[in-house]
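Here is the structure we will look at.
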Amino acid sequence: MSMLGKLADRLLATVAPTAEVDAACILLRRTTVQAGWCRGSVTGDRIPRYRYTYIYDNCADRVTYSCPAA
């Protein structure tokens, strides 16, 4: 292995643990679907609940919801 290759491996081993996991993921698209109503809303004050699905090229999909913290 060349000296440059060894240096690159050492640098990667040093920096990789501190890098964000999402930085390696390539976001393809985000889908939004209404998924019912938020829990804890006052009667007559129905707040829609949305499900956001983040679809990545090389990582597992990630799902989040839009309801505010109660």
Side-chain angles (χ1 to χ4, degrees):
M1 180 180 266
S2 69
M3 181 183 250
L4 187 59
K6 289 179 185 177
L7 181 62
D9 287 344
R10 285 180 50 199
L11 180 63
L12 183 61
T14 304
V15 175
T18 61
E20 285 287 322
V21 174
D22 287 342
C25 299
I26 299 169
L27 180 65
L28 294 177
R29 67 181 177 275
R30 181 183 91 164
T31 61
T32 304
V33 177
Q34 185 174 357
W37 305 97
C38 291
R39 201 170 8 184
S41 59
V42 180
T43 305
D45 182 28
R46 295 174 59 117
I47 301 170
R49 178 182 188 207
Y50 294 101
R51 182 180 81 191
Y52 302 109
T53 305
Y54 297 89
I55 301 169
Y56 295 99
D57 181 33
N58 54 348
C59 296
D61 295 348
R62 185 171 54 105
V63 176
T64 59
Y65 293 92
S66 68
C67 287

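The figures that follow rest on heavy atoms only: side chains count, while hydrogens, waters and symmetry mates do not. Bear in mind the structure is a predicted one, so any value in this text is a computation, not a measurement.
- Within the 4.5 Å cutoff, the side chain of Asp57 has no heavy atoms near those of the Cys25 side chain.
- Tyr52 and Ile55 fall into different hydrophobic clusters, where Ile, Leu, Val, Met, Phe, Trp and Tyr residues are linked whenever their side-chain heavy atoms come under 4.5 Å apart, directly or through other members.
- The minimum heavy-atom distance linking Arg62 with Thr64 is given by the pair NH1-CG2, 3.9 Å.
- Annotation: the span from Tyr54 atom OH to Leu28 atom CG amounts to 14.0 Å, rounded to 0.5 Å.
- Under a 4.5 Å side-chain heavy-atom cut-off, the cluster of Ile, Leu, Val, Met, Phe, Trp and Tyr residues that includes Tyr65 is completed by Val63.
- Looking at every heavy atom in both residues, Pro48 comes nearest to Cys38 through O-SG, 3.7 Å.
- Here the OH-CZ distance, from Tyr56 to Arg30, works out to 11.0 Å after rounding to the nearest 0.5 Å.
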